[in-house]
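For reference, the structure discussed in these notes is given below.
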There are 2 protein chains.
Amino acid sequence: MPAKRLPTLEDVAARAGVSRATASRVVNMDPRVGSAAREAVQTAVTELGYRPNRNARSLVRPEPDSIAVVVPEAEDRVFTDPFFASLLASITQSLADSPVQVLLAMGQPGNSLKIERYLRGGYTDGAIVVSHHRDDHIWQVLTETRLPAVYVGRPYVGDVGIPYVDVNNHAGGRLAAEHLVTAGRRCIGTITGAMDMAAGEDRLAGWRQGLHEAGLPDDLVEHGDFSSESGAQAVARLLARQPELDGLFVASDLMAVAAIHELQGRGIRVPEDVAVVGFDDSQAAQLTRPPLTTLQNPVAQMATTAVSMLMGLLEEQPASSVVLETELVHRASA
Amino acid sequence: MPAKRLPTLEDVAARAGVSRATASRVVNMDPRVGSAAREAVQTAVTELGYRPNRNARSLVRPEPDSIAVVVPEAEDRVFTDPFFASLLASITQSLADSPVQVLLAMGQPGNSLKIERYLRGGYTDGAIVVSHHRDDHIWQVLTETRLPAVYVGRPYVGDVGIPYVDVNNHAGGRLAAEHLVTAGRRCIGTITGAMDMAAGEDRLAGWRQGLHEAGLPDDLVEHGDFSSESGAQAVARLLARQPELDGLFVASDLMAVAAIHELQGRGIRVPEDVAVVGFDDSQAAQLTRPPLTTLQNPVAQMATTAVSMLMGLLEEQPASSVVLETELVHRASA
DNA sequence: GAACGTCGTGAGAGCGCTCTCACGGTGTGA
DNA sequence: TCACACCGTGAGAGCGCTCTCACGACGTTC
């Protein structure tokens, strides 16, 4: 069986009895085409089921037509964690009016080979990379191939010559600590995020500084990895170490909600017995009982900033990194 | 300023002192290249930051390289509704090992123009379309352009010549009704999904049949649209109409969870006063209190089926629609 | 009636790449 | 020593499209 060849512009032109150039004009809505020719071409297009070959077009007219959103995390995680979900939603939304398409590339953190191959492969004109782990080498690929790129969340390894947008995680951790101290808590613990990510480290460092300034010990630390389960497990370890716990900063709402569930399951009241501060101000923060006191993570703003930075890069305008401020959202949990 | 030209294979070849053909062989890992030439080319590639031009390559070697997942729903909805989220996760996962890229196209249900333009534009080699509303004309575009496509969820308008994967929504509705009847409930209502979607209609029709067979009235119907808020509002209307309500089938878990919240907020106990059956068996079904009795929606299976159907279509193998069965998952809410 | 636009159209180059074909050099067997 | 296979390499065609340029057919103007 001969491979079914898709109709080309040449076929359309032949059927309409015009030249390929004229057919191209009709398809591209060039106004200077006679109405007879125009109609003939349009008919031929629908009759043949003609679809322009994007590759051929882009080859001639090299305009950026897709950017990749790269999330080096497992697929289910990406769609489950409200941080990623709302970030992706915001990114797509800010590109909704542009002709640029969004390509979603995900993959296990350890196995970024597929992603690297993809970025090297020239599939895309630019990349927004979300969530950088210490052992990711994606930034090297980006640098080597000079692919226009922006990070959301400062890369763990520091300045790699690729601009980023981030929230001030350090200030957030410190605000959380201060709030708990002001509320009269004296035995304050924390559940960190993933420690191979800047967000995890910075929030912890900020919290430490806050406690340090209040003259309180800062060693009640258990590590999570931003996932729900890790939050529940970490709070259990924390309680085992220190039953007197009366204040808790959790580095993400997702973990905080799980931690609160765990506390309540053990008959520990929030905020009466343990005051809990989260991070992200996700939708869940409002729905949980009690509503979660948390730090605002300006996800939508990070998304639009990242997008406009990248669009700038595509037009050769240099971009510099941006760090957005965060605020404490005071609700009932602390 | 002259537009910065990206390095081409020609540039790489020149720098490496070989012909374009040899450079191409190295880039494509063709084994029959001498090691001297190979190394020279590899050096030139990194020095120039060469990325192959996908368009040029695909022009010559026309292999499918991307499929679009089209969801004619608002962006935030797509990432918030666990049905879409897990479907998308599963689709991406089933394509993880294939070189095919996933393109995510979303958009307000009313405004499918951008999506239509996109499908017509030849950006993609195939499409998986999720969630069809009555007024969507996407299927017409697909038919006209003969773009290989698969629906997840039977299109509202019936057979449009495009194969689909779906769950047996009718059977699900009926199972829900039967379960409530068997549990001794006599005043049974339902909150429907969007009535311009086949899933909404079929689940209602199945529920009706179940009640009809039990000799019970089937007019206690309030319409939702699958969103959380609509679930809460619909249950309020239902209670206003019929305070005696003692059984409830809600066409999605997301709405069911909201409905239960609303009921509990009014001091109505679940399942003692009102037994509730959901649909989807999403993760939330297990976490809510009480855990939700619901109908299993084999999302992962639908995803893999849709993907393999589409991959088949890309290789010119015809595909026929598949309807998967559903089962009641018995938990505490009914 | 000549000179000059304007408008619709076609011919043809060329985008960056892959792949076929041809060719010279080297190794192997008779 | 010659015939042949084989291997690494280069020349060149051509993928489907856009876009420039040229050209003929008409007005329009003086």
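As a basis for the values below, the full set of heavy atoms in this structure was taken, side chains included, without hydrogen atoms, waters or symmetry mates. Note on naming: letters A, B, ... go to the chains in the order of the sequence lines (proteins, then strands), and numbering restarts at 1 for each one.
Counting any heavy atom pair closer than 4.0 Å across all strands shown, B/Pro62 reaches no nucleic acid atom.
Under the 6.0 Å cut-off for aromatic ring centres, B/His132 and B/Tyr151 qualify, their centroids lying closer than that.
A heavy atom closer than 4.0 Å to some atom of DNA chain D occurs in B/Val33, B/Gly34, B/Ala37, these being the qualifying members of residues 33-51 of chain B.
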Nucleotides 19-24 of chain D: which of its N/O atoms have a protein N/O under 3.5 Å away?
unit_1	atom_1	unit_2	atom_2	d
D/dC19	OP1	A/Arg61	NE	2.8

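Heavy atoms only, all atoms of each residue included: B/Val102 and A/Leu103 are closest at O-CD2, 3.9 Å. Nearest heavy atom pair, residue A/Ala149 against residue A/Ile162, reads O-CG2, 3.4 Å. Across all non-hydrogen atoms, the minimal contact from B/Pro52 to A/Arg120 is CD-O, 3.4 Å. Residues B/Val33 and B/Arg38 approach most closely at O-NH1, 3.3 Å, considering heavy atoms. Looking at every heavy atom in both residues, A/Gly126 comes nearest to A/Leu310 through C-CD2, 4.1 Å. The nearest pair of heavy atoms linking B/Ser320 to B/Pro163 is C-CB, 4.3 Å.
A/Arg57 and A/Asn28 share a side-chain donor-acceptor pair at under 3.5 Å.
Per the geometry, CE belonging to A/Met29 stands 12 Å off P belonging to D/dT18, to the nearest Å. Summarising the geometry, the separation between CG on B/Asn53 and C1' on C/dG16 is reported as 6 Å, rounded to the nearest angstrom. Atom CZ of A/Arg54 is separated from atom C1' of C/dC15 by 15 Å (rounded to the nearest Å). One interatomic measurement links the two molecules: CD of A/Glu63 to P of D/dT18, which rounds to 11 Å at whole-angstrom precision. Whole-Å rounding puts the B/Asn55 CG to C/dG16 C1' distance at 9 Å. Put simply, CG on B/Leu6 is 9 Å from P on C/dG16, counting in whole angstrom units.
At a threshold of 4.5 Å between non-hydrogen side-chain atoms, the residues B/Leu147 and B/Thr124 count as touching.
For the pair B/Thr22 and A/Val27, nearest-nucleotide mapping onto DNA chain D gives the more 5' position to B/Thr22. Closest-nucleotide positions on DNA chain D for B/Ala23 and A/Glu10 were compared, and the one nearer the 5' end corresponds to B/Ala23.
The phosphate of D/dA11 has neither OP1 nor OP2 within less than 4.0 Å of any side-chain N or O from B/Ser19. For A/Thr8, no side-chain nitrogen or oxygen approaches OP1 or OP2 of D/dG16 to under 4.0 Å.
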